[in-house]
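Side chains included, hydrogens not; waters and symmetry mates left out as well; all remaining heavy atoms used.
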Amino acid sequence: MTKTTEELLTPVNCNWCTGCGNFGIWTAFKKAAVEKGWDNHNTALVAGIGCHGHILNFLNLSSFEGLHGRAIPVASGIKLANHKLNVFVFTGDGDCLSEGGNHFIHAARRNQNITVILHDNAIYGLTTGQTSPRSPKGFVSKSTPFGNIEEPLNPIQLAMAAGATFVARAYEGDIEHLKEIVIRANAHRGFAVIDVLQPCVTFNKLYTHIFYQENIYKLGREHDASKKPAALQKAMEWGLKKIPVGVIYESKAPSYEEQIPLLKSGSLVSNKIKKRDLTKLFSKYV
Ligand SMILES: Cc1ncc(C[n+]2csc(CCOP(=O)(O)OP(=O)(O)O)c2C)c(N)n1
Ligand code: SF4
């Protein structure tokens, strides 16, 4: 069981830019891991390709860095093989919503019991600053020098519409709040998405730390996260002083794994492998 955040460090030096919002996600996750005792026996991490994916190099936990956009299917496979594991996906807004958009939608629809931590910096960071599906209309970047003509995607609305049963937003600069949300998302039985507002200080000069500090507000008791229409309405809020953070939607529904009879007797990895002679079967077809 992980007892201190130091145990989670690796010999790899952190190579994120100074001030990058990924630091807050890393810190919040380490704190959550210590509080809940996540270790190599009970937890597996998966990431996509991007600056966000480097987080695996800095966490001393079992992990797999997949192909770009393919973190969620790898996590789905891990969860099916051993549904007793806590499975986390670290993904970028490009990785999750562009290259991996199809996987995101279908994992949400299946309500797989995994937690997706979306490092939402509204830009492609690793490839040095191109417009992403989260970049707003008019956004100027290397790939849209005359301004983005596309509307951005809203990952919270998309997750809810696709069937995710836990949907939250957090700001990486509020580490305690993010840590609590990571713990709640993991405790939830079903597909959990946390849209983490994560400034890319090098390439996104619009969504800065100051921008978020000035414009986010925490959801209070008045917000009933169990009511989908109200939650969808909340999810649509975005603008000056109007960016809600907190648990936006949570509902109870059987997870994908809970509905598979074979998994009731134990995880697939704990099943003894039986040898079967298939010679007779094959002989029918040759
Ligand atoms: C199939 C494929 N397409 C494109 C790339 C190049 N590529 C690597 S990372 C990246 C963008 C990453 O952006 P995002 O997922 O938002 O992560 P960030 O770097 O911002 O954390 C791209 C386009 C790739 N590796 N594989
Ligand atoms: S390029 Fe942006 S997202 Fe990547 S490490 Fe630097 S600040 Fe962070």
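The backbone N or O of Leu153 lies less than 3.5 Å from a partner atom in the side chain of Arg134, making a donor-acceptor pair. Counting only distance, with no hydrogens or angles, the side chain of Asn215 and the backbone of Phe211 share a donor-acceptor pair below 3.5 Å. A donor-acceptor contact shorter than 3.5 Å links the side chain of Thr2 to the backbone of Trp38. Checking side-chain atoms of Asp39 against main-chain N and O of Asn42 turns up a donor-acceptor pair under 3.5 Å. In this structure, His223 contributes its side chain and Ile248 its backbone to a donor-acceptor pair below 3.5 Å. Here the side chain of Asp93 pairs a donor or acceptor atom with the backbone of Asn121 at under 3.5 angstrom. Checked by atom type and distance alone, the side chain of Ser265 pairs as donor or acceptor with a backbone atom of Leu262 at under 3.5 Å. Judged by distance alone, with hydrogens and angles left aside, the side-chain atoms of Asn57 form no donor-acceptor pair with the main-chain N or O of Val12 at under 3.5 Å. With hydrogens and angles ignored, the 3.5 Å screen pairs a side-chain donor or acceptor of Asp95 with a backbone N or O of Ile49. Between the side chain of Asn154 and the backbone N or O of Ala235 there is at least one donor-acceptor pair closer than 3.5 Å.
Hydrophobic clustering (side-chain heavy atoms under 4.5 Å, transitive across Ile, Leu, Val, Met, Phe, Trp, Tyr) keeps Val247 apart from Met160. Cluster annotation: Leu61 is connected to Phe23 through the hydrophobic network of ILVMFWY side chains, with a link wherever side-chain heavy atoms come within less than 4.5 Å. Put simply, Val182 and Ile55 are part of the same group of oily side chains (I, L, V, M, F, W, Y) that touch within less than 4.5 Å, one to the next. Leu59 and Ile117 fall within the same hydrophobic cluster, where Ile, Leu, Val, Met, Phe, Trp and Tyr residues are linked whenever their side-chain heavy atoms come under 4.5 Å apart, directly or through other members. Residue Val269 is not grouped with residue Leu263 when hydrophobic side chains (ILVMFWY) are merged at heavy-atom distances under 4.5 angstrom, including chains of intermediate members.
Residues meeting the side-chain contact (heavy atoms from CB on, under 4.5 Å) test with Ile78, sequence neighbours left out: Ala44, Val46, Val74, Leu85, Val87.
Atom CG of Leu67 is surrounded by 12 or fewer heavy atoms from other residues, nucleotides or ligands within 6.0 Å. For CD of Gln233, the number of neighbouring non-hydrogen atoms (other residues, nucleotides, ligands) closer than 6.0 Å is 12 at most. Taking a 6.0 Å sphere around NZ of Lys264, one finds it holds more than 12 heavy atoms contributed by other residues, nucleotides or ligands. For Leu281, the CG atom sits in a packed shell: over 12 heavy atoms of surrounding residues, nucleotides or ligands are nearer than 6.0 Å.
A heavy-atom distance below 4.5 Å is found between the side chains of Ile25 and His119. Leu197 has its side chain within reach of Arg169: a pair of non-hydrogen atoms, C-beta onward, lies under 4.5 Å apart. Taking the side chain as every heavy atom from C-beta outward, Glu176 and Lys31 approach each other to under 4.5 Å. Looking only at side-chain heavy atoms (C-beta outward), Leu9 and Lys30 come within less than 4.5 Å of each other. Between Phe58 and Asn15 there is a side-chain heavy-atom pair separated by less than 4.5 Å. Counting only heavy atoms from C-beta outward, the side chains of Pro244 and Tyr217 approach each other to under 4.5 Å. The closest side-chain heavy-atom distance from Phe139 to Ser132 is not below 4.5 Å. Residues Lys3 and Val34 are not in side-chain contact: their nearest non-hydrogen atoms beyond the backbone lie 4.5 Å or more apart.
The shortest heavy-atom contact between Ser267 and Ala81 is CB-O, 3.9 Å. Between Gly19 and Val201, the shortest heavy-atom distance links the atoms O-CG1, 3.3 Å. The two residues Gly24 and Ile175 come nearest to each other via the heavy atoms O-CG1, 4.0 Å. Considering every non-hydrogen atom in both Ile156 and Ala168, the closest pair reads CD1-O, 4.3 Å. The nearest pair of heavy atoms linking Ala162 to Ile105 is CB-O, 3.7 Å. Gly190 approaches Asn111 most closely through the heavy-atom pair CA-OD1, 3.3 Å.
Residues Tyr124 and Ser98 bring a donor and an acceptor atom of their side chains to less than 3.5 Å of each other. Side-chain contact, Ser62 with Asn40: a donor N or O sits under 3.5 Å from an acceptor N or O. Between the side chains of Tyr212 and Gln198, not a single donor N or O lies within less than 3.5 Å of an accepting N or O. Side-chain polar atoms of Ser255 and Asn113 form no donor-acceptor pair below 3.5 angstrom. In the model, Ser251 has no side-chain atom that pairs as donor or acceptor with a side-chain atom of Lys228 under 3.5 Å. For the 3.5 Å distance criterion, the side chains of Ser135 and Asn148 fail to qualify, holding no donor opposite an acceptor. Gln112 and Ser76 form a side-chain donor-acceptor contact under 3.5 Å, judged by distance and modelled atom types alone.
Here Glu99 does not pair with Arg70 in a salt bridge; the nearest charged N to carboxylate O distance is not below 4.0 Å. A salt bridge links Arg189 to Glu258: one of the charged nitrogens lies within less than 4.0 Å of a carboxylate oxygen. With respect to Glu35 and Lys179, a salt bridge is recorded, a charged nitrogen being found less than 4.0 Å from a carboxylate O. A salt bridge between Glu237 and Lys242 is absent, with no side-chain N of the basic residue lying under 4.0 Å from a carboxylate O of the acidic one.
Considering CD1 of Ile216 and CD1 of Ile243, their distance stands at 7.5 Å, rounded to 0.5 Å. Atom NZ of Lys227 and atom NZ of Lys234 lie 15.0 Å apart (nearest 0.5 Å). Here the NE2 atom belonging to His52 is positioned 4.5 Å from the OG1 atom belonging to Thr91, to the nearest 0.5 angstrom. Taken to the nearest 0.5 Å, the OG1 atom of Thr115 stands 9.5 Å off from the CZ atom of Phe90. Expressed to the nearest 0.5 Å, how far CZ of Phe88 lies from CZ of Phe29 amounts to 4.5 Å. To the nearest 0.5 Å, atom CG of residue Leu268 and atom NZ of residue Lys84 are 11.0 Å apart.
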Self-check item: Ser141 and Phe203: CA distance, side-chain angles, deciding distance, side chain to side chain contact (heavy atoms under 4.5 Å, CB included) verdict
Solution: CA-CA 8 Å; Ser141 79; Phe203 296 112; over 6 Å; no
Quiz item: Is there a side chain to side chain contact (heavy atoms under 4.5 Å, CB included) between Trp26 and Cys14 once you walk through the steps?
Solution: CA-CA 10 Å; Trp26 183 43; Cys14 224; 3.9 Å; yes
Exercise. Take Ile123 and Gln130 through the test side chain to side chain contact (heavy atoms under 4.5 Å, CB included) and record every step on the way to the result.
Key: CA-CA 6 Å; Ile123 200 148; Gln130 295 80 21; 5.9 Å; no
Exercise. Start with the C-alpha distance between Val167 and Gln157, add both sets of side-chain angles, then the distance that settles side chain to side chain contact (heavy atoms under 4.5 Å, CB included), and finish with yes or no.
Key: CA-CA 9 Å; Val167 184; Gln157 266 184 307; over 6 Å; no
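Taking the centre of each ring, Tyr207 and Trp238 come in below the 6.0 Å mark.
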